[in-house]
Amino acid sequence: MLEIQRIRQEKEAILAGLAKRNIDASQTIEDILETDQNWRSAKTQLDQVAAEMNQLARTIGELFKGGQQAEATALKEKTSVLKTQEAELKVQVNAFEESLQSLLYTLPNVPNELVVQGREAEDNQNIFEAGSIPQFGFEAQPHWDLAKKYKLIDFELGVKVTGAGFPFYRGKGARLQRALIQFFLDEAIAAGYEEFISPHMVNEASGYGTGQLPDKEGQMYYVKEDDFYLIPTAEVPLTNIYRDVILPDGNFSIKMCGYTPCFRREAGSYGKDVRGLNRLHQFDKVEIVRVEHPDNTAKALDEMLEHVKNLLDKLELPYRILRLCGGDMGFASALTYDFEVYSAAQEKWLEVSSVSRFDTFQANRLKLRFKDDKKTTLCHTLNGSALALPRILASLLENHQTANGIQIPKALQAYTGFSVIE
RNA sequence: GGUGGGAUGGGUGAGUGGCUGAAACCAACAGUUUGCUAAACUGUCGUACGGGUAACUGUACCGCGAGUUCGAAUCUCGCUCCCACCGCCA
């Protein structure tokens, strides 16, 4: 949520920024400013009436104490007029406040200056590539065939027990999955992130805190009996640790990480895009989350990018980094880098991580602030996947396949306990 | 699932109708004293929003929502959450 003060002060800059998302917000901004103006004038009147009433009540109290019943009763009548005024003004103020709030909810974050205008995935900027695409002397098999051949994943069994998008991992597949989680966590901890094991369900307030609610409830699984939502990412519980928090001074840098399963209802497409591990309703992910002083955000983002690069290097996977264009960025993000690994048999790039800075957008909703020289200022939040498992697994299988089995990258072997799947 | 208790500022906790945005203590911060540490003393010490260049000032908030009253942290009603014990259970 954008701050109203900022909209008052930097209207033009905001409009220009949102244009990069192909959004013409001029009407909304006008409505916001007008509503804000109305709200303020109603609020000022209300405050004045309330002040008058408070004063009057005090006087009446003293008159009663002084035994001046008649005078007191006379004044009482005056308050009834003020009371109706107050009630009317209150209705107005509330109405303005509500419409202001819902207008503000509709505005996405303003893109960072690095973000280019664009409509879709094709407009994203490819800013980095590493690793080489493997050449096989045979026909490369897609991961769903490899998973079946080596008995690593059972999709049919998942359908039987739960439904599509809820696979079983078994044998070395399960072991590999666990190895990846452990590897990612160890790397994050080594980089200074504190590990959390968080709840996998959150309450409504947390859903609002990170911006899944209102609006995107359809993407989350919901437990009606208890009014809980299954988390779509560890970002939700981890970031909400800091909901309604004021950090005592400006000297902080909070780094958290956590492994959780992620649950996404994601209604959607058909065909090869969702085949195998490409899109699931339940998947595993290690997430890194940071809360930073605004001065440190750029540096933090760089560190996170380096961190993810390092993971992919160690897994010996070819990958590229995209800076998302305005039209492809998430609602709350100011700047997002997607990591994509190349999937050698599907012959396409698969998104495995998304690293974003949100600046004050989330913090404003969370009411996450810090105190500096008596002033309270909104913090900045950032997060990124490090990493999401299924597509990593898919590309590990596809890229590291040989005629005699699947080679496990060196860095992982200590975790898997085997170097090849045959 | 049953029974009871509770929700006040960073923490403990007082406060049953006006002088209470809230005692006291602890913590924190600043200062005085001090060879250092400690102690002692003094002061500061909630959030949001409005008005004002500012000093400052107004309003709201004692879990949430409604009500009674000239006036509510305090009384009434509804809700939510938390805790304890019992039952069940990994």
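Every chain is numbered from 1 and lettered A, B, ... according to where its sequence line falls, protein lines coming before strand lines.
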Six-ring centre of A:Phe418, A:Lys172 cation under 6.0 angstrom, axis tolerance 45°:
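Judged by the rule, A:Lys172 and A:Phe418 form a cation-pi pair.
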[atom1] of [X] versus [atom2] of [N]: gap in Å, rounded?
X: A:Asn364; N: B:A48; atom1: CG; atom2: P; result: 12 Å
X: A:Met53; N: B:G18; atom1: CE; atom2: P; result: 18 Å
X: A:Glu3; N: B:C49; atom1: CD; atom2: P; result: 10 Å

Using a cut-off of strictly less than 4.0 Å, decide whether [X] has a side-chain nitrogen or oxygen near OP1 or OP2 of [N].
X: A:Asn54; N: B:G71; result: no
X: A:Arg369; N: B:A48; result: yes
X: A:Gln5; N: B:C49; result: yes

Pairing donors with acceptors under 3.5 angstrom, does anything connect the side chains of A:Tyr229 and A:Asn203?
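Per modelled atom types, A:Tyr229 and A:Asn203 side chains form no pair under 3.5 Å.
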Between A:Leu46 and A:Arg8, just flag the one whose closest nucleotide in RNA chain B comes earlier from the 5' side.
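Its nearest nucleotide lies further toward 5', so the answer is A:Arg8.
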With RNA chain B as reference, determine whether A:Lys76 or A:Thr44 sits nearer its 5' end, using the nearest nucleotide of each.
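Its nearest nucleotide being more 5', the pick is A:Thr44.
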Applying side chain to side chain donor-acceptor pair (under 3.5 Å) to A:Asp31 and A:Gln27, what does each step give before you reach the verdict?
CA-CA 6 Å; A:Asp31 291 348; A:Gln27 188 56 51; 3.1 Å; yes
Just to verify, which of A:Asp295, A:Thr297, A:Asn296 counts as forming a side-chain hydrogen bond (donor to acceptor under 3.5 Å, both in side chains) with A:His380?
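The option that passes is A:Thr297.
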Determine the contact category for A:Thr73: base if any of its heavy atoms lies under 4.0 Å from a base atom, sugar-phosphate if only primed atoms, P, OP1 or OP2 are that close, otherwise nothing.
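A:Thr73: no heavy atom of the nucleic acid under 4.0 Å.
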Nearest-angstrom distance, C1' atom, B:G13 to B:C25
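So the two C1' atoms sit 8 Å from each other.
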Side chain of A:Lys371, heavy atoms from C-beta onward: which of B:G18, B:G58, B:G46 has the nearest atom to it?
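For A:Lys371, the side-chain atoms sit closest to B:G46.
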How far apart are the C-alpha atoms of A:Ser419 and A:Gln413, what are their side-chain angles, what is the distance that settles it, and do they pass the side chain to side chain donor-acceptor pair (under 3.5 Å) test?
CA-CA 6 Å; A:Ser419 57; A:Gln413 288 177 12; 4.8 Å; no
State plainly whether the residues A:Glu351 and A:Arg279 are in salt-bridge range, i.e. N to O under 4.0 Å.
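Result for this pair is no, no salt bridge flagged.
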Would you say the rings of A:His293 and A:Phe370 are close, in the sense that their centroids are separated by under 6.0 Å?
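Yes: the rings meet the under 6.0 Å criterion.
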Any residue of residues 29-43 of chain A with a heavy atom less than 4.0 Å from an atom of RNA chain B:
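The answer is A:Trp39, A:Arg40, A:Lys43.
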